[in-house]
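Side chains are part of it too, since the values below use all heavy atoms of this structure and drop only hydrogens, waters and symmetry mates. Residue numbers begin at 1 in each chain, while the letters A, B, ... track the order of the sequences.
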Amino acid sequence: MRKKVLSEQALYYGEIEMPKGFEINPLNLTNNFFKSLYHKRKYTWSKDFDKLNSYIKDFIKLNYKLNLVNKDYWTNIFVPNETTELQTNVDPVDLRNSPDFTLLYGINTVNCKIKILYDDNRRKGRDWTIELKDNNFVMFPSTNMYSIINKQKESLNFVQTITYEYI
Amino acid sequence: MAHFAKISEQNKVLTVVTLNDKDMLDTDGNPSEAVGQAYLEQHNNWPAHLWIQCSYNTKRGVHRLGGTPLRGNYPGIGWDWDPTDQIFWTSEKPYPSWVKDVQKGSWVSPIGDSPDLTEEQKNQNAVFTHWWGYVWNETNQTWDLTNSEA
């Protein structure tokens, strides 16, 4: 008797452990966000964004042999007790140009949870919830619906999203 | 064109990049690894000491063009950097009993390399009537001669 896995829904998560003195500065990432709002255009590549992006691509390749290529990136800001609608980052009528993975990174996040929906064959609508701590990430297939749940009381939560395809 | 390996703090090779020779010249115009490391720290956002220069043409401690070998091997992603011996090692040991040969920059059996093939065996390999070769036998700790006829 043998077994073959045809597909998997893998989730990758953890802390971004940059070398000492090279930590990602959350203020620079939030600054990018506010600048893009002010200038009404997408913010450009920054050093801190590059640190995050390179870390993810390097260590995912090292540990899981996945070659990630950037598709898109943006930042969201959440007020206390804000919960997003369920969302997905694939376009169902343009799967060819849709990303494979969605990465969420917590920028000074407090009480922020990510709820990811998945199907386990005929057991539909299951979910897995993980806390998105500051300087932590969670990456999952872009076909999975997800919701960002913010239960902080005073501060704003910033979540950096990066989408990838793998080659 | 110079090559530098980007390594993690756990000494795992993350990637290898190329660097223009002009970006690693010191004030006297001589190539300097430290200058290259500083350049990569500034432009690639990773600490200078975690960029290690390597040689594209170095394999098993030998420079294939007759130059000076550098740090054992040209590494790939996932290889190990040995800061003590200054060598890049393949991350996987071929067999449990094999040991590191620092001079060669490669894993070797406890009894050394396999014996050479005889001239007759080489000739038979050359005309594809046989395919002689030695295979390591981990159980017996010996090199076993195999012959798979072509």
Side-chain angles (χ1 to χ4, degrees), chain A residues 10 12-33 35 43-70 73 75 101 103 105-107 134-137 139 160 162 164-167, chain B residues 1-20 23-24 33-54 56 71-84 86-94 105 107:
Chain A
Y12 308 88
Y13 59 95
E15 186 177 3
I16 303 292
E17 296 174 328
M18 291 291 289
K20 194 169 174 56
F22 277 75
E23 295 86 353
I24 294 167
N25 185 343
L27 285 177
N28 288 343
L29 291 178
T30 52
N31 194 26
N32 288 340
F33 171 74
K35 275 185 181 171
Y43 58 84
T44 51
W45 217 253
S46 69
K47 267 188 178 281
D48 288 275
F49 180 84
D50 184 60
K51 285 179 188 174
L52 169 64
N53 189 49
S54 298
Y55 183 96
I56 291 293
K57 291 204 284 193
D58 285 344
F59 282 88
I60 289 285
K61 187 167 186 179
L62 174 69
N63 295 322
Y64 304 106
K65 314 282 186 248
L66 272 178
N67 265 321
L68 297 177
V69 177
N70 284 80
Y73 59 94
T75 310
F101 287 104
L103 176 133
Y105 170 74
I107 308 170
D134 176 40
N135 194 39
N136 278 240
F137 76 96
M139 189 173 86
Q160 173 76 56
I162 310 177
Y164 297 102
E165 65 177 317
Y166 72 86
I167 54 172
Chain B
M1 190 75 78
H3 292 82
F4 281 78
K6 178 183 182 181
I7 61 166
S8 71
E9 289 182 300
Q10 292 73 37
N11 292 319
K12 281 278 180 190
V13 175
L14 297 170
T15 189
V16 181
V17 301
T18 55
L19 187 67
N20 284 326
D23 294 325
M24 57 177 297
E33 180 178 18
V35 174
Q37 289 172 321
Y39 181 93
L40 289 165
E41 175 177 304
Q42 185 186 353
H43 293 89
N44 290 47
N45 301 315
W46 196 250
H49 71 279
L50 297 177
W51 293 99
I52 309 295
Q53 190 174 2
C54 52
Y56 182 75
R71 292 169 174 160
N73 295 286
Y74 181 72
I77 293 170
W79 285 39
D80 293 310
W81 165 242
D82 176 352
T84 307
Q86 296 279 302
I87 288 174
F88 289 102
W89 297 100
T90 53
S91 51
E92 290 183 17
K93 208 176 182 179
W107 296 95

For A:Lys65, is it the side chain, the backbone, both, or neither that has a heavy atom closer than 4.5 Å to a heavy atom of chain B?
neither
Going from [atom1] on [X] to [atom2] on [Y], what distance comes out if it is rounded to the nearest 0.5 angstrom?
| X | Y | atom1 | atom2 | value |
| --- | --- | --- | --- | --- |
| B:Lys12 | A:Asp58 | NZ | CG | 14.5 Å |
| A:Phe22 | B:Glu9 | CZ | CD | 10.5 Å |
| B:Gln10 | A:Leu62 | CD | CG | 9.5 Å |
| A:Lys61 | B:Thr15 | NZ | OG1 | 6.0 Å |

Report, as yes or no, whether the 6.0 Å neighbourhood of atom [atom1] on [X] holds more than 12 heavy atoms from other residues, nucleotides or ligands.
| X | atom1 | answer |
| --- | --- | --- |
| B:Tyr74 | OH | yes |
| A:Lys35 | NZ | no |
| B:Tyr56 | OH | no |

Looking only at the side chains, is there a donor atom on one of B:Asn45 and A:Lys51 sitting less than 3.5 Å from an acceptor on the other?
no
Do the non-hydrogen side-chain atoms of B:Pro47 and A:Lys20 ever get within less than 4.5 Å of each other?
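No, every pair of side-chain atoms sits at 4.5 Å or beyond.
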Close side-chain approach of B:Leu50 to A:Pro19, heavy-atom, < 4.5 Å:
yes
